[in-house]
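Below is one structure, written out as structure tokens; comments come after it.
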Amino acid sequence: MTAPAEPSHAPTAEPSHALADFLARLAEADEFGAIEVATGLLDAGVPAERVLLELVAPAQSEVGERWARNEWSVAQEHAATHISERVVAAITAYADPRPTRGRIVVACMDGEWHALPPRLVAEVLRLRGWQVTFLGASVPAAHLVSYLHRHDAYAVALACALPMRLPYAHRMIEACQRSDVPVVVGGRGFGVDGRWARRLGVAWAPDAPGAADLVADERALRRVVPTDLSHLADDEYASLVKRRGELIDSALADLRARVPSVVDYTSAQWDATISDLGYAVDFLAAAVYVDDPVLFTDYVAWWVALLTSRGVPAGAVVSTLGHLRHALRDFPRAGRFVALGVTTAVASGTVPR
Ligand code: B12
């Protein structure tokens, strides 16, 4: 006699098959259409967690790639992100989870505006029974710590999408650790394999399910990871931060001397140039902070790709880095990182795109 067949609860749809349709709705800023695609998957039996992680998350990553390749404007990217936030809210409302576990506070580091990735983490934790408070973008350290005290948090999950924010992230992590609340961090800012989280002595999770597994394991969560920042004794990081304004000004003066036509720049072009130079110095300072040139060279490769997709040759980055290298001749570590950045810019500029 054969056992009766188990009733099948397998979903009748796949998030990956709906991705192209979902992206098309984002491209058209079609909020209701995008929500329909997501709730259609839920109706077909796909668990809410999979819709968040296999539909909304990859779609947002693709939005970023399209913006970086100059295929989508900033306005299109903003509209898509707003719709994704609405879709996340619709998915959670549909699933309607009830908390049975302790409180986890999820927040972005000070100065960090990428709130959607940690929002996805927050919703996955909520779906797994935690009581979650999501504090959103750019939370100042002092406010976060007093919030944790007042609300008796079991753990705090902190997000960082931009590696240039790592020194600030470290201050925030330390502030939470001092108040004895276990911290888990995540986001692209900590490096693909979380290597910079290890440097800062904090538990890291690669994604939302990883964060959920970590907070469920109290021993792993409370394991002490030693920090490894002895290189800061050379004071290069602190000096770079102090000289930030002067470095940007001298790079601008160098640009004016080398490329006289920049006098015709519009104010928007000047703003973009100044903020690019600021990012370059900030990424360099963060690389020096964690003592890893890859943090800076990855940024240089990204910067060259961004500029070339907007018609600016890689040589512009090479010349600016050449100037920085000269200005930082008394900084052995930073100077070496910039030299590696020059090599990266030259190589990135010669690769056909
Ligand atoms: C939307 C977006 C924005 C929005 C954010 C709005 C919002 N509400 O989130 C806005 C417009 C504010 C923005 C601003 C900027 N952005 Co932006 N942005 C993005 C974009 C398109 C999507 C982010 C996203 O939602 N990704 C999808 C998520 C799901 O993927 P994920 O981040 O990898 O997250 C997963 C894991 O990392 C992990 N995870 C993430 N967070 C956390 C947290 C915890 C605690 C844990 C455990 C795990 C975890 O789990 C997630 C799910 O599995 C990305 C592109 C991209 N490809 O991601 C760029 C991107 C991150 N931005 C970028 C840049 C450069 C900027 C700006 C500097 C642009 C500018 N010139 O102004 C500013 C900086 C603002 C700031 N100070 O924070 C770059 C960063 C490049 C680099 N070299 O570091 C990217 C990669 C775009 C690109 N391709 O160039 N951005």
Side-chain angles (χ1 to χ4, degrees), residues 26 49-50 52-88 104-125 132 134-138 155-166 168-169 173 183-194 197 202-215 221 271-276 278-280 282-283 286-287 294-307 309-310:
L26 294 185
E49 183 169 323
R50 285 191 58 203
L52 291 170
L53 300 177
E54 295 173 35
L55 183 77
V56 183
Q60 269 305 113
S61 298
E62 178 57 25
V63 166
E65 303 317 320
R66 291 181 185 186
W67 168 78
R69 291 196 300 265
N70 206 20
E71 293 166 14
W72 275 23
S73 69
V74 171
Q76 268 181 302
E77 177 276 309
H78 280 21
T81 304
H82 170 73
I83 293 171
S84 290
E85 274 163 5
R86 303 273 298 152
V87 171
V88 172
I104 298 186
V105 174
V106 182
C108 288
M109 305 282 184
D110 204 355
E112 175 64 69
W113 292 96
H114 294 91
L116 189 70
R119 172 86 197 271
L120 292 173
V121 174
E123 298 311 334
V124 167
L125 292 172
V132 177
F134 181 62
L135 300 183
S138 191
V156 56
L158 297 177
C160 176
L162 299 174
M164 71 176 180
R165 306 295 306 171
L166 283 175
Y168 301 88
I173 291 162
V183 185
V184 52
V185 298
R188 291 165 178 244
F190 291 98
V192 269
D193 52 2
V202 64
W204 170 84
D207 49 25
D213 291 346
L214 192 59
V215 292
L221 188 64
D271 282 352
T273 307
I274 292 166
S275 75
D276 277 358
Y279 288 139
D282 292 343
F283 270 91
V294 172
L295 192 159
F296 185 64
T297 53
D298 276 358
Y299 168 72
V300 170
W302 174 82
W303 191 16
V304 169
L306 194 77
L307 289 183
S309 74
R310 286 152 176 82

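Both counts, for ligands and for their atoms, begin at 1 and track the order of listing.
Every pair passing salt bridge (charged side-chain N to carboxylate O under 4.0 Å, His left out) that includes a residue from residues 54-68 is listed here, sequence neighbours excluded: R50-E54, E62-R66, E62-R69.
Using a 4.0 Å cut-off between heavy atoms, H78 contacts ligand 1 through its side chain alone, with no backbone atom that close. With a 4.0 Å cut-off on non-hydrogen atoms, A68 touches ligand 1 through its side chain and not its backbone. Of all the heavy atoms of L306, none lies under 4.0 Å from any atom of ligand 1, so neither backbone nor side chain is involved. Residue contacts with ligand 1, taken as heavy atom pairs separated by less than 4.0 Å, involve A211 solely via side-chain atoms from C-beta onward. Residue P163 touches ligand 1 through its side chain alone, judged by heavy-atom distances below 4.0 Å. The proximity of L116 to ligand 1, defined as any non-hydrogen pair under 4.0 Å, involves the side chain as well as the backbone.
For ligand 1, one of its N or O atoms has an N or O atom of E65 under 3.5 Å away. By the 3.5 Å distance cut-off applied to N or O atoms, S61 is counted among the residues near ligand 1. For E62, no nitrogen or oxygen atom sits less than 3.5 Å from a nitrogen or oxygen atom of ligand 1, counting backbone and side chain alike.
Considering every non-hydrogen atom in both C160 and F190, the closest pair reads CB-CE1, 3.5 Å. Between A280 and W303 the shortest heavy-atom distance is CB-CZ3, 3.9 Å. Residues A161 and R188 share a closest heavy-atom pair of O-CB, 3.7 Å. A pairwise comparison of heavy atoms in G136 and A115 identifies C-CB, 4.5 Å as the closest pair.
Between the side chain of H78 and the main chain of V74, a donor-acceptor pair closer than 3.5 Å is present. For R310 (side chain) and L306 (main-chain N/O), a donor-acceptor pair under 3.5 Å exists by modelled atom type.
Nearest protein neighbour of atom 79 (C) of ligand 1, counting heavy atoms only, is W302 CZ2, 4.2 Å. Nearest protein neighbour of atom 8 (N) of ligand 1, counting heavy atoms only, is E85 OE2, 2.8 Å. In terms of protein heavy-atom proximity, atom 23 (C) of ligand 1 is closest to P117 CG, 4.1 Å. Protein heavy atom closest to atom 52 (C) of ligand 1, with residue, atom name and distance, is L53 CD2, 4.3 Å. At the shortest separation from atom 68 (C) of ligand 1 among protein heavy atoms lies Y279 OH, 3.4 Å. Remark: minimum distance from atom 48 (C) of ligand 1 to any protein heavy atom is reached at G186 CA, 3.6 Å. When only non-hydrogen protein atoms are considered, atom 31 (P) of ligand 1 lies nearest to R188 NE, 3.6 Å. Closest to atom 38 (C) of ligand 1, if we only count protein heavy atoms, is P206 O, 3.4 Å.
Between Q60 and P117, the closest side-chain pair of non-hydrogen atoms is not below 4.5 Å. Residues V184 and I104 form no side-chain contact, since every pair of their non-hydrogen atoms from C-beta on lies 4.5 Å or further apart. Taking the side chain as every heavy atom from C-beta outward, L26 and S84 approach each other to under 4.5 Å. Two residues are said to be in side-chain contact when any heavy atoms from C-beta on lie closer than 4.5 Å; M109 and L166 fail this criterion. Residues E112 and L158 fail the side-chain proximity criterion, which asks for heavy atoms closer than 4.5 Å.
Residues that satisfy the side chain to side chain donor-acceptor pair (under 3.5 Å) test with T297, not counting sequence neighbours, are absent from this structure. E123 meets the salt bridge (charged side-chain N to carboxylate O under 4.0 Å, His left out) test with R119, R126; sequence neighbours excluded.
Here the straight-line distance linking atom CH2 of W67 with atom OG1 of T81 works out to 11.0 Å at 0.5 Å rounding. To the nearest 0.5 Å, atom CG of residue L120 and atom CG of residue L125 are 11.0 Å apart.
When distances from atom 88 (C) of ligand 1 to the protein are checked, a heavy atom turns up under 4.0 Å. Within a 4.0 Å radius of atom 35 (C) of ligand 1, the protein has no heavy atom. Per-atom contact check: atom 45 (C) of ligand 1 touches the protein, criterion being a heavy-atom distance below 4.0 Å.
Counting atoms of ligand 1 from 1 in the listed order, those under 4.0 Å from a heavy atom of L120 are 29 (C). Short contacts between ligand 1 and E112, defined as distances under 4.0 Å to a heavy atom of the residue, involve ligand atoms 78 (O). The atoms of ligand 1 that sit less than 4.0 Å from any heavy atom of Q60 are 1 (C), 21 (C), 22 (C), 24 (C), 25 (O), 26 (N), 27 (C). Under a 4.0 Å criterion applied to the non-hydrogen atoms of A57, ligand 1 contributes the atoms 27 (C), 29 (C). Close approach to A159 involves these atoms of ligand 1, each under 4.0 Å from a residue heavy atom: 43 (C). Within ligand 1, the atoms closer than 4.0 Å to a non-hydrogen atom of L158 are 45 (C), numbered from 1 in the order shown. If you number the atoms of ligand 1 from 1 as listed, the ones under 4.0 Å from a heavy atom of D207 come out as 38 (C), 50 (O), 53 (O).
Applying the 6.0 Å contact sphere to CZ of F134 captures more than 12 heavy atoms from other residues, nucleotides or ligands.
Excluding waters, the protein N/O/S atoms found under 2.8 Å from atom 17 (Co) of ligand 1 are H114 NE2.
Ring geometry for Y279 versus F283: interplanar angle over 60°, hence perpendicular rather than tilted (30 to 60°).
Across the listed options A115, A212, A157, A115 owns the non-hydrogen atom lying nearest to atom 9 (O) of ligand 1. In this structure, of A301, G187, G194, the residue bringing a heavy atom nearest to atom 49 (C) of ligand 1 is G187. Proximity annotation for atom 77 (N) of ligand 1: of C108, S138, G111, G111 comes nearest, heavy atoms only.
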